[in-house]
A.B. asks: 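My structure is below; once you've seen it, I'll send some questions.
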Amino acid sequence: MTTKKIVLLDGNSLAYRAFFALPLLTNDSGIHTNAVYGFTMMLQNILKEEQPTHVLVAWDAGKTTFRHSTFSEYKGGRQKTPPELSEQFPYLRKLLKAFNIPQYELENFEADDIIGTLSRTASEEAVKTVVISGDKDLTQLATDSTTVCITRKGITDMEIYTPAHIEEKYGIGPLQIIDMKGLMGDASDNIPGVPGVGEKTALKLLKEYGSVEHVYESLDAISGKKLKENLTNNEEQAYMSKRLATIEVNAPITISLQDLSYDGPDEEQLTSLYKELKFTTLLEKMGVEGVESEPVEVIEVETKHKLTAADLSDQMAVHLEMMDDNYLTSELFGLAMTNGERVFYVPLDDLKQDDVLKKWLADPGTKKFTTDAKALFAALAAIDIPVSGIDFDLTLAAYIVNPSLSFDDVSEAAASVGWNGIQKDEKVYGKGAKKAAPAIEEIAQHAGTKAVAVWNLFETVSEKLRQNEQYELYHNLELPLAIILGKMESTGVKTDLATLQTIGTELSSRLEHLETTIYELAGQPFNINSPKQLGVILFEKIGLTPIKKTKTGYSTAADVLEKLAPEHEIIEHILLFRQLGKLKSTYIDGLSKEIHEDGKIHTRFQQALTQTGRLSSINPNLQNIPIRLEEGRKIRAAFVPSEPNWIMFAADYSQIELRVLAHISQDKKLIDAFRADEDVHTKTAMDVFGVTKEEVTSNMRRAAKAVNFGIVYGISDYGLSQSLDIPRKEAAEFIDTYLASFPGVKQYMDTIIVDAKQRGFVSTMMNRRRYLPDITSSNFNLRGFAERTAMNTPIQGTAADIIKKAMIDMDRRLEAEGLQARMLLQVHDELIFEAPEEELEQLKKIVPEVMESALELDVPLKVDSAYGASWYDTK
DNA sequence: ATGTTCACG
DNA sequence: ACGTACGTGAACATT
């Protein structure tokens, strides 16, 4: 006989959870499916993990329940269910039917009460029960035989509440959760509780007195005048709140445990529902064949070994097919081309010898439409085949239309603008150990579909960009930039391995010593790099007090360790070990591996990735080379000019984001400060602290600087309090004073949020967009995040626009002046060049000039420049 | 594959 | 009451 195990699910709560956790997916018949999909994932996980013998999904019935007769405003003020979710409930019912899972609802009662009643009867029969919900109220049902799982983040992450866990987390028993709600109320259900009592106070009272009743019996003993007053005045309300929060465990249900047995899904029903909903991944997992939504259309691709002028026209879609996504190192296969009539594929070896084709590629007068301009340009540059006249980049265009969609494959970029005819590279080449090149015909076919997609999408996507007034941004900024970035990537940065090795040797020996010291202090060897092992040593063996927890255990992050440093000598050594270990593994060892045969590092700039319009740098990342601490900064000495008697030259914008803020917000004081070329942090300190310039201390300036950062990031008192390590209240006061003295900024912050809510997106000065669907969310966190993003993105994004424009201007200027200087890197607000010494004086003049005039703002842009024998010396 | 930590602007 | 600063990429440990 198998032991019974019953799983009870709170249908409404989980459906809501799934709906808000996932983006609004729509299948091709226009039905939203995110809640159903999320629910399905949850269900599958639960069934797999728990292996129950009995399952039930309980639903809320109707609008009113017995609780409304106690308190008519129960669950009042709730937003009504979004229609996008409502329309999914019938599918959820169908889904459960297909799973053969019983569903139950009861007039006048909530799902909670059904679950409560069943879990009580199960408990009485000592049947193991698991309750699953997104609502923490249910934790009151936890007993030795009933476990309550509450969804945490996302859809599959659950927090498991046993009586022991509740005790550990809150210091009270499961049933006292009800008392807690009675005292603190519950905003989401509109349960009032006692004003001024939140979780902290409620728990303190309950730990001392045990229940709401005992709290009131002991009123006299309670300290705190205000608290006592609030309790006294709201006694009835507290009792009522407790009643409302109590789950009914004796609901008049008409089902019993026997009715809930679960024997697995009806596969046939399930597949047909999945097909209807287009849950292809789920279908594949079930091993159902032939369900790929549409079979990819087979196009006729002609493999050509030699082209004639007649094969080529003024406008063509071209796509360079290759094995890996790193076009700088990948094996290249060949070029697919089409002008809408025939589709060719030219294998690489033929391309290399085909002068007709090479001439066409180099001709700026023939237009090339492609999937990734930079890849085409840089990959062919590496084999000395110049390309010019690239006029359309599908990935870049799709990114400008909506940067929130991430494309790690052309098929996804194409799909985002409505073209589903491309297979994923992964499907053609396989992945991991199984990755291999298929037959040439298959490669040609795959490459051909990409060229065809580009050809067919060119017009519509361009039109879409024009409609959004983003064509300029795309065509005159991003597209030319792609080529410039391609040049920079191909050029690469000369990196001196010997310098890295010298630093590395010293680091190794220091790390060894630190390791010995740490083991001695700990009394045993352990893996210092393992947060888990480190946590055990610090907080269990040594007995330090944990300050912060992570999901998986004790936090050992630097800010935590710094606070612990006075407690034990070992901490400073660990911090140093971490710092040096990072330098050794990421920078010394990591960078050494990336030096190519030409002695250079060729990073790649991702141009269609960030949400704000910034670039990012990968393989390796050259945008995060250490600078803040001297030890790390030395790494920069390894980056040197690639030619004898050349120098490194660096130029960076001073306070570009705050200048952009001054311009966008039109705050008079901020504008004046920049026009007068004042130190903006000092100026901020003067205003926030109400002192004269002479009275500003370095601490005041530091605080002001943090406030300015906060403003740019979309401020929150909590964030500022963390960065300054001050109480939250103080941080809030700083912010208020700041906003009062810079009213234009305040106005901007308020307006941008309203604007974002209304339009659904925010934009930069050059019309780069970022959509913010969460800005209207009822979830406090999501909404808060979206609001801060709304404040930050126009600033960070406009700064990104500006430097991109500067790079284009700079490239032209270097060309026009006939200079040999080369642009090598962009690090968000700075540009790094190498140049012959003789060009230094010219660069000192030209570079700041070009950067400062990239875009005209109502405040001046300011650029500082420096040069030296290595990147380290450009300071 | 995911989480934690830490490097940069 | 909620749980946070904005934007990235890489290494390492752990699942």
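So you know, we letter chains A, B, ... as the sequences are listed, proteins then strands, and number each from 1. Basis for what follows: all heavy atoms, side chains included, without hydrogens, waters or symmetry-related copies.
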A.B. asks: Provide, to the nearest angstrom, the distance between the CG atom belonging to A:Asn529 and the P atom belonging to B:dT4.
C.D. replies: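 Distance check: A:Asn529 CG to B:dT4 P gives 16 Å.
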
A.B. asks: What is the distance, rounded to the nearest whole Å, between atom CD1 of A:Ile775 and atom C1' of C:dC6?
C.D. replies: 14 Å

A.B. asks: Using a 4.0 Å heavy-atom cut-off across all strands, classify A:Leu609 as base, sugar-phosphate, or nothing.
C.D. replies: sugar-phosphate

A.B. asks: Under 4.0 Å between a side-chain N/O of A:Arg578 and OP1 or OP2 of B:dT5, yes or no?
C.D. replies: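 Checking B:dT5 against A:Arg578, no side-chain N or O comes under 4.0 Å of OP1 or OP2.
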
A.B. asks: Between atom CZ in A:Phe785 and atom P in C:dG3, what is the gap in whole Å?
C.D. replies: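 Between P of C:dG3 and CZ of A:Phe785: 15 Å.
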
A.B. asks: Counting the atoms with a prime plus P, OP1 and OP2 as sugar-phosphate, which does A:Gln533 contact under 4.0 Å by heavy atoms, base, sugar-phosphate, or nothing?
C.D. replies: sugar-phosphate

A.B. asks: From C-beta outward on A:Ile618, which listed nucleotide comes closest to its side chain: B:dG9, C:dA10, C:dC12?
C.D. replies: C:dA10

A.B. asks: Could you check whether any side-chain N or O of A:Lys804 sits under 3.5 Å from a backbone N or O of A:Leu615, counting only pairs where one atom can act as donor and the other as acceptor?
C.D. replies: no

A.B. asks: Could you tell me whether A:Thr556 contacts a base, only the sugar-phosphate backbone, or nothing, with contacts defined as non-hydrogen atoms closer than 4.0 Å?
C.D. replies: sugar-phosphate

A.B. asks: Between A:Arg770 and C:dG7, is there a contact of a side-chain N or O with OP1 or OP2 at under 4.0 Å?
C.D. replies: yes

A.B. asks: In this structure, how many angstroms lie between the C1' atom of C:dA13 and the NZ atom of A:Lys582, rounded?
C.D. replies: 13 Å

A.B. asks: Just how far, in rounded Å, is P of B:dG9 from CG of A:Leu825?
C.D. replies: 13 Å

A.B. asks: Would the base of B:dC8 count as contacting A:Gln623 through its side chain, where contact means a donor and an acceptor less than 3.5 Å apart?
C.D. replies: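 In this structure, the two groups form no donor-acceptor pair.
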
A.B. asks: Describe the nucleic acid contact of A:Ser716 in one word from base, sugar-phosphate, nothing, applying a heavy-atom distance below 4.0 Å.
C.D. replies: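 Base: the residue A:Ser716, judged by heavy atoms under 4.0 Å, touches a nucleobase.
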
A.B. asks: Just N and O in the side chain of A:Thr612: are any of them under 4.0 Å from OP1 or OP2 of C:dC6?
C.D. replies: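 For A:Thr612, the contact criterion (side-chain N or O under 4.0 Å from OP1 or OP2 of C:dC6) is not met.
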
A.B. asks: Centroid separation under 6.0 Å, is that true for the rings of A:Tyr738 and A:Phe742?
C.D. replies: yes

A.B. asks: Are A:Tyr327 and A:Lys374 close enough that a side-chain donor and a side-chain acceptor fall under 3.5 Å?
C.D. replies: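 Per modelled atom types, A:Tyr327 and A:Lys374 side chains form a pair under 3.5 Å.
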
A.B. asks: At under 4.0 Å, does any side-chain N or O of A:Ser585 touch on OP1 or OP2 of C:dC12?
C.D. replies: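 True: A:Ser585 side-chain N/O within range (under 4.0 Å) of C:dC12 OP1/OP2.
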
A.B. asks: Identify, between A:Gln606 and A:Ser530, the residue whose nearest nucleotide on DNA chain C lies closer to the 5' end.
C.D. replies: A:Gln606

A.B. asks: Indicate whether any N or O donor in one side chain lies under 3.5 Å from an N or O acceptor in the other, for A:Asn792 and A:Thr789.
C.D. replies: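 A:Thr789 and A:Asn792 do not have a side-chain donor-acceptor pair below 3.5 Å.
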
A.B. asks: Tell me which nucleotide among C:dA5, C:dT8, B:dA7 gets nearest to the side chain of A:Gln579.
C.D. replies: B:dA7

A.B. asks: Using a 4.0 Å heavy-atom cut-off across all strands, classify A:Glu199 as base, sugar-phosphate, or nothing.
C.D. replies: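 The answer is sugar-phosphate, as A:Glu199 gets under 4.0 Å only of primed atoms, P, OP1 or OP2.
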
A.B. asks: Describe the nucleic acid contact of A:Ala800 in one word from base, sugar-phosphate, nothing, applying a heavy-atom distance below 4.0 Å.
C.D. replies: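 Nothing: the residue A:Ala800, judged by heavy atoms under 4.0 Å, touches no strand.
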
A.B. asks: Just to be sure I understand the rule, does A:Gly784 reach a base, reach only the sugar-phosphate, or reach nothing, if contact means heavy atoms closer than 4.0 Å?
C.D. replies: nothing

A.B. asks: Which of these nucleotides, C:dA5, C:dG9, C:dA11, is closest to any side-chain atom of A:Asn621?
C.D. replies: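 The nucleotide sitting nearest to the side chain is C:dG9.
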
A.B. asks: Taking the P atom of each, how far is B:dG3 from C:dT4, in whole Å?
C.D. replies: 14 Å

A.B. asks: Name the nucleic acid region contacted by A:Val197, choosing base, sugar-phosphate or nothing; use a 4.0 angstrom heavy-atom cut-off, strictly under.
C.D. replies: sugar-phosphate

A.B. asks: Please evaluate the base of C:dG3 for a donor-acceptor partner in the side chain of A:Arg728 within a cut-off of under 3.5 Å?
C.D. replies: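 Side chain to base: pair found, below 3.5 Å.
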
A.B. asks: So does A:Phe709 have more than 12 non-hydrogen atoms from other groups sitting under 6.0 Å from CZ?
C.D. replies: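 It does not: A:Phe709 CZ has 12 such atoms or fewer within range.
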
A.B. asks: Look at the side chain of A:Asp774 and the backbone N and O of A:Arg783, then say whether any donor-acceptor pair between them is shorter than 3.5 Å.
C.D. replies: no

A.B. asks: How many whole angstroms separate atom CG of A:Asp189 from atom P of C:dC2?
C.D. replies: 15 Å

A.B. asks: Report the distance from atom CG of A:Leu580 to atom C1' of B:dA7, rounded to the nearest whole Å.
C.D. replies: 14 Å

A.B. asks: Please measure how far the P atom in C:dA5 lies from the corresponding atom in B:dT4, and state the result in whole Å.
C.D. replies: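 Each nucleotide's P atom is 13 Å from the other's.
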
A.B. asks: Counting the atoms with a prime plus P, OP1 and OP2 as sugar-phosphate, which does A:Ala706 contact under 4.0 Å by heavy atoms, base, sugar-phosphate, or nothing?
C.D. replies: base

A.B. asks: Remember a base hit wins even if backbone is also touched, and classify A:Ile795 as base, sugar-phosphate or nothing at under 4.0 Å, heavy atoms.
C.D. replies: nothing

A.B. asks: Among C:dG7, B:dC8, C:dT14, which is the nearest nucleotide to the side chain of A:Lys532?
C.D. replies: C:dT14

A.B. asks: Any strand is fair game: report the nucleotide pairing with C:dT14 by Watson-Crick or G-U wobble, both distances under 3.5 Å, or none.
C.D. replies: B:dA1

A.B. asks: Could you check which of B:dC8, B:dT5, C:dT8 has an atom nearest any side-chain atom of A:Gln611?
C.D. replies: C:dT8

A.B. asks: With sugar-phosphate meaning primed atoms plus P, OP1 and OP2, does A:Leu583 contact a base, only sugar-phosphate, or nothing at under 4.0 Å between heavy atoms?
C.D. replies: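 Nothing, no heavy atom under 4.0 Å.
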
A.B. asks: Among B:dC8, C:dA13, C:dC6, which nucleotide sits nearest the side chain of A:Asn527?
C.D. replies: C:dA13

A.B. asks: For a quick check of understanding: with a heavy-atom distance under 4.0 Å over all strands, which category does A:Ser723 fall into, base, sugar-phosphate or nothing?
C.D. replies: base

A.B. asks: With nearest nucleotides of DNA chain C determined for A:Val712 and A:Glu594 from heavy-atom distances, which residue corresponds to the more 5′ nucleotide?
C.D. replies: A:Val712

A.B. asks: Below the 4.0 Å mark, does B:dG9 have OP1 or OP2 next to a side-chain nitrogen or oxygen of A:Arg614?
C.D. replies: no

A.B. asks: Tell me what A:Asn619 touches on the nucleic acid: a base, only sugar-phosphate, or nothing, going by heavy atoms under 4.0 Å.
C.D. replies: sugar-phosphate

A.B. asks: Determine which nucleotide pairs with C:dA1, using a 3.5 Å limit on both distances of a Watson-Crick or G-U wobble pair.
C.D. replies: none

A.B. asks: Please report the distance, rounded to the nearest Å, between CZ in A:Arg783 and C1' in C:dA1.
C.D. replies: 12 Å

A.B. asks: Quick one: which of B:dC8, C:dC6, C:dC12 gets closest to the side chain of A:Arg788?
C.D. replies: C:dC6

A.B. asks: Do A:Ser616 and C:dT8 have a side chain to base donor-acceptor pair shorter than 3.5 Å?
C.D. replies: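 Counting by modelled atom types and ignoring angles, no donor-acceptor contact under 3.5 Å is found here.
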
A.B. asks: Heavy atoms from C-beta onward define the side chain here; which of C:dC6, C:dA5, C:dG9 lies closest to that of A:Asn792?
C.D. replies: C:dC6

A.B. asks: Taking side chain as C-beta onward, heavy atoms only, is A:Thr556 less than 4.5 Å from A:Phe539?
C.D. replies: yes

A.B. asks: Classify the ring geometry between A:Tyr161 and A:Tyr170 as parallel (under 30°), tilted (30 to 60°) or perpendicular (over 60°).
C.D. replies: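 The arrangement is parallel - the two ring planes meet at less than 30°.
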
A.B. asks: Closest to the A:Leu720 side chain: C:dA5, B:dA7, C:dA1?
C.D. replies: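 Within the option list, the nearest is C:dA5.
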
A.B. asks: Other residues, nucleotides and ligands only: do more than 12 of their heavy atoms fall within 6.0 Å of NZ on A:Lys584?
C.D. replies: yes

